[in-house]
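What you are looking at is a predicted structure, and each value in this text was computed from that prediction instead of being measured. Side chains are part of it too, since the values below use all heavy atoms of this structure and drop only hydrogens, waters and symmetry mates.
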Amino acid sequence: GPELKFAGYDHVVIQGRSRLPCYLWIDDNKVEIKNAQHLWGKTTWETDDTIREELGDDDIQIASIGPAGENLVKAACVINNGGRAAARCGLGAVMGSKNLKAIAVRGTGEISVAKPEKFMQLVEELSEKIINNECMKDYIRWGTTFLPKIYNDSGNSAVRNFQDGYWEPEKLEKISEEKIDKFSKGRLSCFGCPIGGSHYFKVDSGKFRGTEGEGFEYNTLSNFGCRIDVDYLPAIIKAHVLCSQYGLDVDNASGVIAWAMECYERGILKKEDVDGLNLEWGNYDAVLELLEKIAFRRGFGDLLAEGSKRASKKIGRGSEKYSMNVKGQELWESLRASKGWSLGTIVSPRGGCHLRGNPLTEFLKISPEAGGRIFGVPTAGNGKAYEGKAKLVIYFENFKAVVDCLNICYIITQWSSPDLLDFEDLARMLSLATGRQTTVAELIGIGERVHNLEKAFNVREGMIRKDDMPPERFFVEPIKSGPEKGELLEKDKFEKMLDEYYERRGWDKDTGLPTKSKLEELDLREVANELERLDKLI
């Protein structure tokens with residue numbers, strides 16, 4: 001992203017499909033489509049090394065796909081510089097469908113802002129605000145690897161494909177931040193980051209000796225830990241590295257494997273169905289083999305490459321019940337204990353995702369006074385409360401849409417702590433950068449437009465209210481153990497919460513469809529007209 005900006009581009013839009021494998025080479029104002037036939041079949045790491053060697057510059061920034069993207073695996077993602085993923089929704093498969101192996105960028109230009117001195121003063125001020133924030137101390141020390149215990153104690157772990165929300169403490173302890181820190185070889189930062197919470201990990205001994213890589217977050221610990229019941233850290237690190245090399249989204253890849261493991265546990269899948277593998281919980285050797293099978297669509301992996309929703313429909317026999325997806329996308333976290341978090345995950349435009357409307361305030365357990373003062377929702381810190389959560393989710397949906405537009409990390413924003421960067425801070429930065437005074441109200445309006453546009457896209461593709469629902473498991477199977485034992489989503493209360501969400505959004509609560517009046521209010525008339533022609537507008 002930064003390198004593209006230095007090269008002079010805000011966005012790159014790629015249309016059509018190449019006849020042969022290729023990659024896009026952007027060198028400031030010189031743009032070439034280059035042959036990538038020799039790169040096809042290579043991992044993302046091999047691809048990056050080869051491109052940099054060919055172009056003679058180790059500092060070139062590269063976004064590439066691995067075998068998973070080439071083979072149109074539904075869990076395929078785009079890997080940036082070998083360790084960071086543009087994941088979920090099968091973005092890697094989209095690149096693969098275009099025969100586009102990579103985008104390589106070198107930018108040597110400068111970026112100017114309208115009021116540089118005041119802008120840098122504000123950057124320094126906000127950096128201090130971030131670094132000195134109490135909630136940031138753990139992020140700065142551990143990255144996100146300190147989160148498993150917080151999620152577990154809150155009943156939000158994805159234990160054995162969400163059969164429970166609480167993982168056994170003796171297993172959790174084996175993947176704690178202190179344990180994983182022993183594999184750390186140094187801290188890393190994304191571009192311009194004030195906290196540097198990423199780590200480079202390497203396994204120095206044992207079965208997976210020599211395994212190393214970065215981009216390791218809590219998601220990996222959860223996905224290849226409690227979700228499939230593995231408590232051996234070197235195996236989890238190995239799974240993460242394979243996903244980076246093959247170009248697999250850790251959430252979606254582990255989700256379909258967890259589905260297969262539960263089907264195996266329940267006798268729906270037999271050994272002969274799964275290439276003779278033993279898919280008992282915790283068998284990390286089988287998991288690592290499945291990652292390769294999925295990426296290359298080999299044997300049983302060809303079925304898993306379609307994701308659990310499609311795979312379960314294909315084999316039937318009751319397996320659909322164990323596909324933990326929303327809108328076809330694998331879930332990542334449990335949806336029983338924290339009601340606002342659950343609502344945000346379920347109504348997320350891209351499905352099963354916590355990176356839009358989810359209020360971390362429930363995990364922070366902020367006080368009713370703070371919740372009312374900052375968000376207008378006294379229950380913001382009470383995970384068990386349904387009241388007020390529709391309003392809270394909408395606040396964060398609008399906020400995080402703006403954060404996305406500005407290319408700012410969620411972790412340093414109000415999402416992680418109410419005391420971090422908020423709408424006011426974003427408006428100040430944008431005003432000084434552009435020279436055009438931007439208000440908080442304008443930013444909220446932009447966030448609302450973004451979210452309504454994404455909603456309209458989904459509606460055009462056939463998604464309605466029934467798609468804003470969780471798997472039945474979360475309504476009927478309570479958490480079995482731990483501090484939140486007995487918690488589940490109460491269906492009638494969830495439906496009321498969803499009704500309020502639609503009403504506050506200005507959408508039709510019976511169908512989940514957007515309304516013409518709301519889209520026109522947001523100056524999305526062309527969008528309204530298209531949905532009206534398709535009879536998908538109220």
Side-chain angles (χ1 to χ4, degrees), residues 144-177 179 218-219 221-231 251 254-255 258-259 261-262 265-266 280-282 321-326 330-346 352 354 358-368 371 379-389 392-393 469-498:
T144 58
T145 62
F146 75 95
L147 291 171
K149 188 177 189 306
I150 294 174
Y151 272 76
N152 206 47
D153 288 346
S154 301
N156 287 286
S157 292
V159 181
R160 292 177 284 279
N161 199 33
F162 301 98
Q163 293 183 53
D164 200 353
Y166 183 76
W167 205 24
E168 294 86 345
E170 61 273 18
K171 293 182 178 181
L172 184 71
E173 173 59 28
K174 293 179 182 179
I175 67 165
S176 68
E177 62 268 37
K179 294 292 194 302
Y218 166 61
N219 287 51
L221 285 172
S222 172
N223 284 316
F224 293 105
C226 66
R227 189 172 196 163
I228 54 179
D229 213 24
V230 172
D231 58 9
D251 294 344
S254 66
W259 165 81
M261 285 184 146
E262 182 164 7
E265 176 189 32
R266 296 180 182 277
E280 291 182 353
W281 296 113
K321 180 179 178 182
Y322 308 111
S323 171
M324 297 294 105
N325 77 85
V326 174
E330 315 293 345
L331 276 172
W332 169 64
E333 59 262 289
S334 187
L335 303 177
R336 298 178 178 99
S338 303
K339 314 310 180 188
W341 189 267
S342 300
L343 178 65
T345 300
I346 293 163
H354 66 284
N358 296 50
L360 204 61
T361 54
E362 292 179 326
F363 294 87
L364 298 174
K365 295 181 171 55
I366 67 170
S367 69
T379 60
N382 181 0
K384 295 183 179 181
Y386 292 83
E387 298 78 14
K389 297 306 170 62
L392 189 65
V393 165
M469 296 296 288
E472 188 69 13
R473 163 167 278 170
F474 298 102
F475 287 138
V476 299
E477 297 181 26
I479 296 172
K480 296 181 176 65
S481 55
E484 300 298 333
K485 181 180 179 179
E487 276 294 310
L488 47 60
L489 267 182
E490 297 177 61
K491 193 166 187 177
D492 58 337
K493 292 182 179 180
F494 175 79
E495 294 271 13
K496 290 179 181 178
M497 190 165 58
L498 189 58

Student: Roughly how far, to the nearest 0.5 Å, is the CD1 atom of Ile228 from the OG atom of Ser254?
Tutor: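 That separation rounds to 7.0 Å.
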
Student: Please name all residues satisfying side-chain hydrogen bond (donor to acceptor under 3.5 Å, both in side chains) with Thr379, sequence neighbours left out, ordered by chain then number.
Tutor: none

Student: For atom NZ of Lys485, decide whether the heavy atoms of other residues, nucleotides or ligands shown that lie under 6.0 angstrom number more than 12.
Tutor: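 It does not: Lys485 NZ has 12 such atoms or fewer within range.
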
Student: If I take atom CG from residue Leu331 and atom CZ from residue Arg227, how far apart are they, to the nearest 0.5 angstrom?
Tutor: 7.5 Å

Student: Can you name the side-chain hydrogen bond (donor to acceptor under 3.5 Å, both in side chains) partners of Lys321, sequence neighbours left out?
Tutor: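 Lys321: no side-chain hydrogen bond (donor to acceptor under 3.5 Å, both in side chains) contacts found.
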
Student: List for me each residue that meets side-chain hydrogen bond (donor to acceptor under 3.5 Å, both in side chains) alongside Lys149, sequence neighbours excluded, and say none if there are none.
Tutor: Asp153

Student: Using side-chain hydrogen bond (donor to acceptor under 3.5 Å, both in side chains) as the criterion, list what pairs up with Ser154, not counting sequence neighbours.
Tutor: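 Ser154: no side-chain hydrogen bond (donor to acceptor under 3.5 Å, both in side chains) contacts found.
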
Student: Looking at Asp229, is its backbone amide N or carbonyl O close enough to the side chain of Lys171 to form a donor-acceptor pair, meaning the two atoms are under 3.5 Å apart?
Tutor: no

Student: Just wondering, are more than 12 heavy atoms of other shown residues or ligands nearer than 6.0 Å to NZ in Lys496?
Tutor: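 12 or below, so no.
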
Student: Quick test of your reading of the model: are Glu487 and Lys339 salt-bridged, counting only N-O distances below 4.0 Å?
Tutor: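 Yes, this pair counts.
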
Student: Charged N to carboxylate O under 4.0 angstrom, Glu168 versus Arg160?
Tutor: yes

Student: Within this structure, what is the CD-OH distance for the pair Glu265 and Tyr322, rounded to the nearest 0.5 Å?
Tutor: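 The CD atom of Glu265 sits 9.0 Å away from the OH atom of Tyr322.
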
Student: Can you list everything that forms a ring pair (Phe, Tyr, Trp, His ring centres under 6.0 Å) with Phe363? Sequence neighbours excluded, please.
Tutor: Tyr151, Trp341

Student: CE of Met261 to CG of Asn161: how many Å apart, nearest 0.5 Å?
Tutor: 10.5 Å

Student: Between OG of Ser334 and CG of Leu488, what distance do you get to the nearest 0.5 Å?
Tutor: 10.0 Å

Student: Should we say atom CD of Glu280 is surrounded by more than 12 heavy atoms from elsewhere, each under 6.0 Å from it?
Tutor: no

Student: With a 4.5 Å cut-off on side-chain heavy atoms, are Glu330 and Asp251 touching?
Tutor: no

Student: ring-ring contact (aromatic ring centres under 6.0 Å, His included): which pairs involve residues 158-177, sequence neighbours left out?
Tutor: Phe162-Phe474

Student: Drop me the distance from Glu484's CD to Ile479's CD1, to the nearest 0.5 angstrom.
Tutor: 6.0 Å

